[in-house]
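The structure appears below as structure tokens.
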Amino acid sequence: MSKITSSFNSAWQQVFDYCKKSPWKERFEDHSENYLELYLEALEFSKEEFMRKANNFEHDFLGQLFGVNIETFIEREYDSPEDNVAVEYLKRRRWKMSKESALCLEEMKNRSFSIFEVIDTKPGEYLIVKDVLLGTKEIKVFEESGSRTASPFDHHVSKIIQVNGEYYFTGTVFVLQHNAVEFFKKHVKKELKEKKLNFKDYEIIPKELCPVANEVLRKYTPDLFIESVNYMFNPLT
């Protein structure tokens with residue numbers, strides 16, 4: 001939980017409600033089903049076996065997966081950059097949102113998931129983290145509950161948004177094991193070097209550079225969550 005939790009929750013809930021009408025309803029259902037198929041293939045589970053095991057977790061694992069679905073769907077563009085559920089919602093119904101909720105939605109749409117290493121924590125208040133894929137500077141992320149359980153050297157798959165000059169995780173946070181982190185670092189850093197992209201001087205990617213960063217990161221997003229889900233089901237591998 002954080003200071004913007006209510007605004008963030010309001011933003012994605014309003015978009016989700018909007019997805020109950022065509023064409024977004026069918027698109028969201030297909031998007032969610034595609035992600036489920038990725039998990040089933042990686043784990044070699046049937047849908048029934050996956051759901052049975054998922055319900056055995058003490059925490060709301062299926063709620064986490066729904067978070068993946070809605071947050072990645074908010075990023076998706078179809079026939080054009082304007083053919084995006086967040087863009088359309090903000091164009092038609094921004095007037096129904098608070099200023100902070102609209103800003104949360106814009107940030108969710110424009111930023112990508114990455115891997116963040118925990119450097120330090122102040123339990124109940126914040127974490128100091130570093131984006132190990134883009135190599136940006138360490139930043140303070142305000143997070144009440146997550147900061148109570150996170151430890152230095154943990155690696156989190158999440159998205160960080162900037163609201164009112166401060167940094168926050170969005171709702172989706174998964175843990176990734178070290179070997180997988182090194183795999184993604186190797187491939188992303190190679191691609192950044194080939195594209196002559198260097199983000200080390202930034203705390204967070206400036207909005208005007210988000211498209212080029214997203215072009216690199218978003219192709220890895222499904223694999224980030226496949227590895228995270230696999231780790232949850234098989235923590236000793």
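Every value quoted in this text rests on a predicted model; they were computed, and no experiment measured them.
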**Report entry** Under 3.5 Å: donor-acceptor pair, side chain of Lys159, backbone of Met108
**Finding:** yes
**Report entry** Check ion pair Glu215-Lys219 (N to O, under 4.0 angstrom)
**Finding:** no
Query raised in the report: Does the distance from a Lys or Arg side-chain N to an Asp or Glu carboxylate O, for Lys186 and Glu182, drop under 4.0 Å?
Result: no
Query raised in the report: Would Tyr168 and Tyr126 count as a close aromatic pair, with their ring centres under 6.0 Å?
Result: no
**Report entry** Glu77 (side chain) donor-acceptor with Ser80 (main chain) under 3.5 angstrom
**Finding:** no
Query - Ser147 (side chain) donor-acceptor with Glu125 (main chain) under 3.5 angstrom - result: yes
Requested in this report: Decide ring-ring contact (aromatic ring centres under 6.0 Å, His included) for Phe66 and Trp12; before the verdict, give the C-alpha distance in whole Å, the side-chain angles of both, and the deciding distance to 0.1 Å.
Outcome: CA-CA 11 Å; Phe66 175 77; Trp12 73 254; 5.6 Å; yes
Query raised in the report: Under the 3.5 angstrom rule, does the side chain of Glu227 hit a backbone N or O of Leu176 as a donor-acceptor pair?
Result: no
Query raised in the report: Are more than 12 heavy atoms from other residues, nucleotides or ligands located less than 6.0 Å from atom CD of Glu208?
Result: yes
**Report entry** Salt-bridge present (Glu88, Arg92; N to O < 4.0 Å)
**Finding:** yes
Query raised in the report: Would you say the side-chain atoms of Asn84 pair up with the backbone N or O of Ile74, donor to acceptor, closer than 3.5 Å?
Result: yes
Query raised in the report: Counting distance only, does the side-chain N/O of Thr121 pair as donor-acceptor with the main-chain N or O of Ser151 below 3.5 Å?
Result: no
Query raised in the report: If only atom types and distance count, is the side chain of Thr72 paired as donor or acceptor with the main-chain N or O of Val68 below 3.5 Å?
Result: yes
Query raised in the report: Is it true that the side chains of Tyr220 and Glu191 contain a donor and an acceptor less than 3.5 Å apart?
Result: yes
Requested in this report: Would you kindly check if the NZ (Lys) or CZ (Arg) of Arg27 is within the cone defined by 45 degrees around the ring axis of Phe73 and under 6.0 Å from the six-membered ring centre?
Outcome: no
Query raised in the report: Do any N or O atoms from the side chain of Glu100 and from the backbone of Ser7 form a donor-acceptor pair under 3.5 angstrom?
Result: no
Query - Salt-bridge criterion met for Glu106 and Arg94 (N-O under 4.0 Å) - result: yes
Requested in this report: Just say parallel, tilted or perpendicular for the rings of Phe50 and Phe61, cut-offs at 30° and 60°.
Outcome: tilted
Query raised in the report: Can you tell me if Glu117 and His156 form a side-chain donor-acceptor pair at under 3.5 Å?
Result: no
Query raised in the report: Is a side-chain donor-acceptor pair under 3.5 Å present for Asp17 with Gln13?
Result: yes
**Report entry** OH/Tyr202: more than 12 non-hydrogen atoms of other groups inside 6.0 Å
**Finding:** no
Requested in this report: Determine the sole option in Lys109, Arg111, Arg218 for which the salt bridge (charged side-chain N to carboxylate O under 4.0 Å, His left out) test with Glu75 is passed.
Outcome: Arg218
Report summary line: All heavy atoms of Leu217 vs all of Phe113, minimum pair found to be CD1-O, 3.8 Å
Report task. Using modelled atom types only, decide if a donor and an acceptor are shared between the side chain of Gln64 and the backbone of Val173 within a distance under 3.5 Å. Result -> yes
Query raised in the report: For Leu133, does its backbone N or O pair with a side-chain atom of Lys189 as donor and acceptor, under 3.5 Å?
Result: no
Report task. Compare all side-chain heavy atoms of Pro81 with those of Val87 and state whether any distance is below 4.5 angstrom. Result -> no
Report summary line: Heavy-atom closest pair (Gln14 atom, Tyr89 atom, distance to 0.1 Å) is NE2-OH, 3.2 Å
Query - Geometric class of the His178/His155 ring pair [parallel <30°, tilted 30-60°, perpendicular >60°] - result: tilted
Report task. Could you grab the distance from atom OH of Tyr39 to atom CE of Met232, nearest 0.5 Å is fine? Result -> 11.0 Å
Report task. Check whether the ring centres of Phe225 and Phe174 lie less than 6.0 Å apart, and answer yes or no. Result -> yes
